[in-house]
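See structure below.
We use all heavy atoms of the structure for the numbers below, so side chains are in, but hydrogens, waters and symmetry mates are not.
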Number of protein chains: 2
Amino acid sequence: MSRPVTGDAPALSTAWLRVFLEVARLGSFTEAARGLGYTQSAVSRQIHALESALGAGALFDRLPRGVTPTERGRVLLPRAEAVLAQLDGARADLTALAQVSGGRLRVGAFPTAGAALLPRAVAAFRERHPRVELSCAEGLTEDLLSRLDHGELDLAVVSTTAGADLAAYDLRKLLDESMYVAVPAGHRLARRRRVRLAELAGDDWVSGSPHTERSLLHPAVREDFRPRVGYVAAEWIAKQGYVAAGLAVALIPALAADGVRPDIRLLAVHEDDIPPRAVYAATLRGRSAPAAANAFVRLLREAGRNGSA
Amino acid sequence: MSRPVTGDAPALSTAWLRVFLEVARLGSFTEAARGLGYTQSAVSRQIHALESALGAGALFDRLPRGVTPTERGRVLLPRAEAVLAQLDGARADLTALAQVSGGRLRVGAFPTAGAALLPRAVAAFRERHPRVELSCAEGLTEDLLSRLDHGELDLAVVSTTAGADLAAYDLRKLLDESMYVAVPAGHRLARRRRVRLAELAGDDWVSGSPHTERSLLHPAVREDFRPRVGYVAAEWIAKQGYVAAGLAVALIPALAADGVRPDIRLLAVHEDDIPPRAVYAATLRGRSAPAAANAFVRLLREAGRNGSA
DNA sequence: GGCTCCCATGCGACACTCGCATGGCACAGC
DNA sequence: GCTGTGCCATGCGAGTGTCGCATGGGAGCC
């Protein structure tokens with residue numbers, strides 16, 4: 001009904017095929033046995049087993065001075081070689097996977113990770129495992145997890161912000177991401193290293209959305225801190241413009257803190273005001289991760305340690 | 001030193017591969033077991049055996065609701081299919097050989113067989129076994145046997161004339177070939193069916209060679225019959241010319257008796273004068289003949305029975 | 001005619017694979 | 001929250017297969 005081929009044909013051992021090829025090459029059961037570490041009787045039996053598994057008809061003519069393949073044997077020869085070649089190829093493929101010198105890896109990451117974390121890990125991965133086909137995609141955490149579910153991604157770099165159900169995935173923590181406030185170089189707090197958000201209650205804010213619920217400011221809002229969003233800009237490069245011009249201040253995740261323009265200062269936000277976000281590498285729950293994914297996670301952690309987080 | 005691949009890798013059973021593919025297709029050990037006629041435990045063990053034969057690393061992730069191939073499993077999938085396809089192909093090749101619907105057959109025959117015996121057998125063979133690649137070569141018996149020895153022929157149609165050592169071959173008798181004397185229609189014995197050669201002692205003969213030792217006349221020469229070779233012609237068509245013109249008589253083997261021109265009569269020679277030549281199909285001693293060769297021999301025998309011999 | 005070389009086969013030991021039954025794990029439903 | 005269900009893993013005993021050892025038989029060579 002379903003499978004077109006491979007009916008109830010008797011199974012056979014690949015050892016038989018190896019013995020078959022060696023016998024054909026050497027023209028002798030005894031010689032082949034010597035070469036393969038078998039007894040002559042074992043070779044004789046294995047050839048007999050192969051002959052009967054393939055149906056009536058001998059594969060070798062037994063001559064007084066060795067053996068010669070019959071017509072059937074000559075026909076089987078290239079097939080047996082192809083079979084063993086495929087098996088060798090399979091083994092090679094698998095060892096390549098184990099040594100992370102083959103296969104592919106599809107990584108997804110939330111946008112901020114693309115600033116420094118991901119590029120660093122990708123660069124290191126490309127250098128160490130150049131033969132792995134690596135592809136990176138950007139997306140929001142929810143979207144990434146969905147693509148993970150659909151088998152479109154092997155690994156997703158996500159953060160705990162969204163309400164997504166991370167418990168349904170295997171997580172490996174990469175880093176805790178703290179938050180900064182970007183202020184213009186001439187700001188009154190510009191010399192400080194750390195601030196409480198209440199100190200900035202009077203400033204105008206530039207944010208990704210006019211509604212704080214949908215922006216980075218969301219976890220910071222409380223009674224004594226209701227930020228006034230004076231400007232809206234989604235891209236960090238635009239936010240920088242407003243900040244540098246002295247019009248507003250802005251929140252910036254630590255992962256995006258690299259390469260900020262020189263006329264802007266970054267002040268660490270107290271973790272009681274905005275708790276650090278955990279950044280995870282997520283894989284499907286219960287699924288064993290590809291070796292390449294494990295190697296990539298290792299490099300992501302390194303990148304997280306070396307970078308500012 | 002010699003073989004590049006297939007080191008001492010552990011052997012594996014093709015049954016494991018079939019089970020592997022079925023499990024991958026159905027996503028369940030239990031379902032695969034049902035379809036293949038195994039127990040679930042047997043499937044579990046076979047997959048485990050395959051996994052350990054291919055080195056560390058699982059091929060399936062065991063989930064609460066069935067299994068899913070791991071990366072390794074996905075890589076192995078096409079390889080396993082290729083292996084089983086090659087095995088199916090091998091089986092198909094072998095059954096084609098057994099049913100004489102494939103393979104090749106190289107036949108050699110001595111020249112006279114090409115007159116009628118061989119063409120008839122070839123025609124019948126081509127009709128019944130159109131997918132066998134059949135080739136025919138002509139040659140003298142000694143030459144044919146040599147080519148058989150060198151593996152250039154699968155089957156040789158030979159006769160006992162030459163001093164060749166037929167005992168070194170496997171022979172299957174096709175027919176006993178008697179000899180005829182060709183005489184012009186107006187010859188004094190033209191109405192006879194059988195003659196003794198002594199009755200033709202006074203006639204001129206046309207023969208393939210001026211020396212009787214190297215012609216068909218050789219076995220006929222004795223004290224009371226020393227034929228006078230008046231004309232020499234190698235080709236039977238030329239001999240016919242001399243005979244039809246009333247200039248000479250000629251010996252003709254039964255196999256060449258077909259299609260003789262109407263102004264010539266053929267008289268059977270008494271077998272005491274020239275003993276019948278045995279015609280054999282020869283194959284290498286001890287070598288099992290291809291199925292196509294056996295079929296061809298059968299057709300040769302039929303052709304020999306139906307033709308004039 | 002004896003010798004040698006090669007493959008086939010009976011024998012006992014060992015390993016493998018099977019089915020049966022049970023156990024463990026995770027999810028679903030009451 | 002607990003039990004039921006579905007799925008895979010595994011211990012056990014029986015049957016089969018495969019091995020090495022030893023021997024037998026057939027064909028050529030000296």
Inset, instruction - Tell me yes or no: between the side chains of S288(B) and D61(A), is some donor less than 3.5 Å from an acceptor? - result: yes

Legend entry - Listed nucleotide nearest any side-chain atom of W16(A), set dG19(C), dT18(D), dT17(C): dT18(D)

Legend entry - Distance test, side-chain N/O of R65(B) to OP1/OP2 of dC27(C), below 4.0 Å: no

Legend entry - Pairwise 5' ranking along DNA chain C for E31(A) and G37(B), keeping only the more 5' one: E31(A)

Inset, instruction - For dG19(C), take OP1 and OP2 only and decide whether either is under 4.0 Å from a side-chain N or O of S41(B). - result: no

Legend entry - Under 3.5 Å: donor-acceptor pair, side chain of T141(B), backbone of V158(B): no

Inset, instruction - Give the rounded distance in Å between these two atoms: CZ of R34(A) and P of dG20(D). - result: 14 Å

Inset, instruction - Specify the separation, in whole Å, of atom CD of Q40(B) and atom P of dT17(C). - result: 17 Å

Legend entry - F29(B), nearest nucleotide to its side chain (from dA8(C), dC18(C), dC8(D)): dC8(D)

Inset, instruction - Indicate, with a heavy-atom threshold strictly under 4.0 Å, whether R45(B) touches base, sugar-phosphate, or nothing. - result: base

Inset, instruction - For H48(B) and for Y38(A), find the nucleotide of DNA chain D with the closest heavy atom, then tell me which residue's nucleotide is more 5'. - result: H48(B)

Inset, instruction - Specify whether F60(A) and F29(A) have parallel, tilted or perpendicular ring planes, treating 30° as the upper limit for parallel and 60° as the lower limit for perpendicular. - result: perpendicular

Legend entry - Distance in angstrom units between L36(A) CG and dT18(D) P, rounded: 16 Å

Legend entry - For atom CZ of R287(B) and atom C1' of dA27(D), their distance in whole Å: 14 Å

Inset, instruction - Starting at atom CG of L50(B), determine the distance to atom P of dT17(C), rounded to an integer number of angstrom. - result: 11 Å

Inset, instruction - Determine yes or no for a side-chain-to-main-chain donor-acceptor pair under 3.5 angstrom, with S146(B) supplying the side chain and E142(B) the backbone. - result: no

Inset, instruction - Could you state the atom-to-atom distance from CZ of R62(A) to C1' of dC5(C) in whole Å? - result: 16 Å

Legend entry - Value in whole Å for how far the P atom of dC27(C) lies from CG of L63(B): 10 Å

Legend entry - Nucleotide nearest T30(A) (side chain, heavy atoms from C-beta), chosen from dA26(C), dC6(C), dA9(D): dC6(C)

Legend entry - S44(B) side chain, from C-beta outward: closest of dA9(D), dC7(C), dG20(D): dA9(D)

Legend entry - Expected output: side-chain R74(B) to main-chain P69(B) donor-acceptor under 3.5 Å: yes

Inset, instruction - Pick base, sugar-phosphate or nothing for V43(B), based on heavy-atom distances below 4.0 Å to the nucleic acid. - result: nothing

Legend entry - Atom-pair distance (CG on D61(A); P on dA8(C)), nearest Å: 11 Å

Inset, instruction - Select base, sugar-phosphate, or nothing to describe what Q46(A) touches, counting heavy atoms under 4.0 Å on all strands. - result: sugar-phosphate

